[in-house]
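Just the heavy atoms: all of them, side chains too, but no hydrogens, waters or symmetry mates, feed the values below. These figures come from a predicted structure and were not determined experimentally.
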Amino acid sequence: VLFIVGDSVPIHTGPVKSGGLSCYVTSFGNATTAYGGYEVVLAKPLPALSFIEYKVKKQTFNDPGFPPADACGKVVYANG
């Protein structure tokens with residue numbers, strides 16, 4: 001069994017409209033650099049252990065021109 005603990009707190013979380021997925025948006029970069037953006041992770045619960053999720057898709061948006069709440073809808077994921 002492998003447990004991965006993230007080192008940053010999501011700035012936005014929410015469900016994805018289809019597929020029973022959850023979305024987690026974290027940010028990277030800071031005010032002292034010109035580089036930054038969002039990392040979006042779509043996760044799905046394990047069938048037998050619904051309190052544990054596994055990552056099904058990760059996408060990075062560099063210098064996004066949209067708020068974190070919109071990032072989940074912009075991730076390209078084909079379910080199945």
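- Residues meeting the side chain to side chain donor-acceptor pair (under 3.5 Å) test with E53, sequence neighbours left out: S22, Y24.
- Placement of V41 and V75 in two distinct hydrophobic clusters is found when ILVMFWY residues are connected by side-chain heavy-atom separations under 4.5 Å, directly or transitively.
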Residue pair N62, F28: steps toward the side-chain contact (heavy atoms from CB on, under 4.5 Å) verdict: CA-CA 9 Å; N62 295 317; F28 61 89; 3.3 Å; yes
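- Contact between P68 and I11 at its shortest, heavy atoms only, is CG-CD1, 3.5 Å.
- Scanning all heavy atoms of the two residues, the minimum distance from T26 to P10 falls at CG2-CA, 3.7 Å.
- Note: Q59 CD to C23 SG = 10.5 Å, rounded to the nearest 0.5 Å.
- For the pair G20 and P45, the tightest heavy-atom approach, listed with the atom from each and the gap, is O-CD, 3.6 Å.
- Geometric assessment of K74 against the ring of F61 yields a negative cation-pi assignment under the 6.0 Å and 45° thresholds.
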